[in-house]
Amino acid sequence: MNIRLSTGSLIPIEMHKVRIVQATALPPVAQRLAAIEAAGYNTFLLRTRDVFLDMLTDSGTNAMSDNQLAAMMVSDDAYAGGESFYKLEAAVQEVLGYKYAVPVHQGRAAEHLLAKIFCKPGDTVVMNYHFTTTKAHFEIAGAKVVEAHSPQALQTESSEQFKGNIDLDWLQRVIDTEGAAKVPFVRMEATTNLIGGQPFAMANLKAARAICAKHGIPLVIDCSLISENAYFIKSREAAYADVSIAAIIREMMDQADLIYLSGRKSTCVRGGLIATSNDAYYEQLKAWLPVYEGFLTYGGMSSKEVEAMAVGLREMCDYEVASSSADLIQFFVQRMIDRGVPAVTPAGGLAGHVDAMRFLPHIPQTEYPAGALAAAIYIASGVRPMERGTVSMDRDAAGNDVPSDLELCRFAVPRRVYSMAHMEYVVDRLAWLHAHQELVGGLKFYHEPPVLRFFTGKMEALGGWGAKLAAAFEADFGPAC
Ligand SMILES: *Cc1c(COP(=O)(O)O)cnc(C)c1O
C-alpha cells in the first residue's frame with residue numbers, strides 16, 4: 001500500500017510486521033565471479049549461498065502469513081478424502097465462484113492437463129501472450145500458439161496502462177482464418193509475465209469473452225498473478241476504483257469457463273490449481289489427475305500446502321496483500337528511471353524489468369543481451385535476476401535461434417520479502433553497471449538442452465568480459481563489496 005508523506009511523496013509502506021527472518025550475506029565480488037563462471041553465466045545455476053538478494057522469481061519465494069503457517073499445522077494427511085482438500089474446495093467456491101477445485105503440484109502441471117484434454121495437432125490456442133511452460137505444453141501436444149497481443153505490449157517504454165490486453169481484432173481474425181473448431185480455447189494471462197507483469201483491463205476481458213461466446217470457444221484465464229491484475233484494474237480502470245479486490249476477482253472469474261494457476265505466485269504456497277464449474281471438463285480432469293498428479297484430494301501437493309492455499313486464496317483478496325509487491329515495484333521502477341536505467345514502463349506486477357536492448361545496445365540478440373545483463377548485474381551486486389529474452393526461447397525445427405520480441409532482465413519482487421533499502425541497492429548497482437556498459441559483452445552457448453534451455457543451458461562470456469567487469473567493480477568499491 002502507498003502512503004503519502006507530509007512532503008507529498010508516496011512510499012510503499014509495509015502493512016505487516018516481520019516476525020521470522022532469514023539471514024542473507026553479500027559474497028565478495030571474486031566469489032561472485034567464480035560462481036557465475038561455474039554456473040555458465042546462467043543465473044538459474046547459481047547456488048543461493050552465493051546470492052545476496054534472490055530476485056530470480058516470485059515463484060514459491062513469497063513470504064507466507066502467520067495464518068497460512070498456522071493452517072499448515074492442522075493439515076490432514078490422507079491419501080484420499082483429506083479434510084484439507086475440502087477447505088480448499090470451499091475457498092475456491094467462495095473466492096472464485098467455481099464448483100470444482102482440482103489441485104495439481106504446480107502451474108505447469110495444470111497446463112499439462114489442459115494440453116492433454118484440449119489440444120490436438122492442428123489446433124491453435126490464441127492468447128494475450130505466452131508463458132514459457134504454457135507454450136511448451138501446448139506445442140508438445142501439437143497445437144500452435146498465436147499471441148494476439150496489444151499493439152503496445154512490446155513497447156518497453158509506454159504509458160499504456162493495460163499492455164496485457166488481447167487485441168480483439170487479431171483474436172477475431174485468427175478465429176475467422178483457423179475456424180472456431182480449431183481453436184480449443186482462448187487464454188488470457190493475468191499480469192502478463194513475459195511482457196513485464198502487465199495487466200489486462202476488465203473491459204478487454206469482457207470483450208474477449210463476448211467474442212469467445214459468439215463462436216462457442218471456451219475462455220481460460222491463467223490466474224497465477226490474479227491478485228495483482230485485480231489491483232491494477234482497481235487502480236487504473238476508472239469504473240473499478242470503488243470496487244473491492246474480492247469483487248473484481250469474482251467478476252473476472254465470471255468471464256471464464258476454466259481457470260488455472262500456479263499457487264507459487266499470488267497464493268504464496270507451493271502448488272497449483274485448476275477450477276471450473278463445467279461438468280464435462282471436470283470429468284476429464286478427474287480421469288487424468290490420478291495418472292499424472294495424484295488422487296483428487298491432493299493432486300501432488302502436500303496436505304500442508306493444500307491447507308495454506310485455501311488461506312492464501314482468501315488473503316490475496318485483501319487490498320494490502322494485492323498491492324504489497326505492486327507498490328514496491330512501482331517505487332523500484334521509478335528509482336531506476338530517476339537514475340537513468342532503462343526500466344520497462346509502466347511498472348507491472350511480479351518484478352521490475354530492465355530493457356537489455358536499451359541497456360546494452362552494442363550486444364546483438366544473437367549474443368543474448370538479456371542473459372549478459374543478468375550475469376553482469378550478479379557480478380556487480382550479488383543480486384540474482386532472470387533472463388527473459390532469446391535464451392528463454394528454444395531453437396526452431398531447423399536449429400536456428402528464435403529472437404525474442406523483447407530482451408528483458410527481470411528482477412522479481414517476491415511478495416512481502418524485500419524492503420525499500422534492498423530496492424535502492426539494486427538500483428544503485430544497476431546505475432553503476434549502466435555507466436560501465438561497455439565492459440559487458442555477449443554470451444555463447446557451450447551446453448544447450450533441446451527444450452526450455454534457459455533452465456540448465458551453460459554459456460561463456462565472449463572475450464572473457466566477466467573478469468574485466470569484476471576487476472573494474474573491485475577498483476571502485478573494494479574487494480569486500
Ligand atoms: C509461474 C507461472 C506458470 C507456471 O507455474 P509453475 O508453478 O512455475 O509451474 C504459468 N503461468 C504463469 C503466468 C506463471 O507466472
Side-chain angles (χ1 to χ4, degrees), residues 44 54-62 64 102-116 119 125 127-141 145 147 149 153 163-166 185-200 205 220-230 232 252 256 258-275 292-294 299-302 305-306 308-309 312-313 316 325-326 329 348-351 353 385-388 392 406 408 410-415 451-452 454-456:
F44 272 99
D54 193 4
M55 302 179 83
L56 185 77
T57 174
D58 63 330
S59 179
T61 56
N62 303 296
M64 297 181 82
V102 179
V104 291
H105 82 273
Q106 63 184 91
R108 70 202 63 186
E111 291 165 339
H112 174 221
L113 289 177
L114 291 198
K116 181 113 196 119
C119 300
V125 180
M127 50 185 75
N128 54 344
Y129 207 72
H130 81 281
F131 184 72
T132 49
T133 54
T134 319
K135 189 165 146 89
H137 277 296
F138 299 167
E139 287 181 350
I140 289 166
V145 164
E147 296 161 282
H149 59 73
K163 290 202 285 188
N165 279 352
I166 196 163
F185 60 90
V186 169
R187 171 180 171 276
M188 291 290 283
E189 181 180 317
T191 319
T192 322
N193 198 321
L194 297 192
I195 58 165
Q198 302 291 328
F200 55 71
L205 176 64
V220 169
I221 305 180
D222 180 332
C223 287
S224 304
L225 297 137
I226 189 75
S227 65
E228 280 79 14
N229 204 119
F232 288 128
M252 292 165 89
L258 178 148
I259 65 98
Y260 73 90
L261 56 84
S262 164
R264 303 171 64 88
K265 321 285 170 60
S266 283
T267 66
C268 304
V269 299
R270 285 137 296 261
L273 177 76
I274 306 174
Y292 290 108
E293 296 297 305
M301 286 169 74
S302 89
E305 303 285 345
V306 173
M309 182 182 273
L313 279 173
M316 75 180 188
S325 87
I329 291 164
L350 112 117
H353 294 76
M386 186 192 292
E387 191 270 3
R388 292 277 81 154
S392 297
L406 298 172
L408 302 183
R410 178 181 96 177
F411 295 81
V413 180
R415 294 159 188 79
V451 67
L452 298 179
F454 64 92
F455 281 127
T456 58

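In each ligand, atom 1 is the first atom listed, and ligand 1 is the first ligand listed. Note: hydrogens, waters and symmetry copies are ignored here, and every other heavy atom, side chains too, is used.
Using cut-offs of 30° and 60° for the angle between ring planes, the H112 and Y292 rings count as perpendicular.
Taking a cut-off of under 4.0 Å to the non-hydrogen atoms of D222, the atoms of ligand 1 that pass are 10 (C), 11 (N), 12 (C), 13 (C). Listed by number with element, the atoms of ligand 1 under 4.0 angstrom from any heavy atom of N193 are 14 (C), 15 (O). Listed by number with element, the atoms of ligand 1 under 4.0 angstrom from any heavy atom of E111 are 10 (C), 11 (N). Distances below 4.0 Å separate heavy atoms of G107 from the following atoms of ligand 1: 5 (O), 6 (P), 7 (O), 9 (O).
Distance CZ/F138 to CZ/R187: 6.0 Å, rounded to 0.5 Å.
The closest protein non-hydrogen atom to atom 14 (C) of ligand 1 is K265 NZ, 2.9 Å. The protein heavy atom nearest to atom 3 (C) of ligand 1 is F131 CE2, 3.4 Å. Of the protein's non-hydrogen atoms, the one nearest atom 9 (O) of ligand 1 is R108 NE, 2.6 Å. Atom 7 (O) of ligand 1 has as its closest protein heavy atom S262 OG, 2.6 Å.
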*Going through the checks in order, is the side-chain contact (heavy atoms from CB on, under 4.5 Å) test met by D222 and E111?*
CA-CA 9 Å; D222 180 332; E111 291 165 339; 3.9 Å; yes
*Starting from the C-alpha separation in whole Å, work towards a yes-or-no answer on side-chain contact (heavy atoms from CB on, under 4.5 Å) for T57 and M386.*
CA-CA 7 Å; T57 174; M386 186 192 292; 4.1 Å; yes
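Checked by distance only, ligand 1 and Q106 come closer than 3.5 Å through their nitrogen or oxygen atoms.
Cation-pi check for R108 over F131 is not met; the charged atom does not lie both under 6.0 angstrom from the ring centroid and within 45 degrees of its normal.
Side-chain contact check for K265 versus I226: every heavy-atom pair is 4.5 Å or farther apart.
Of all non-hydrogen atoms in M252 and I221, the two that sit nearest each other are O-CD1, 3.5 Å.
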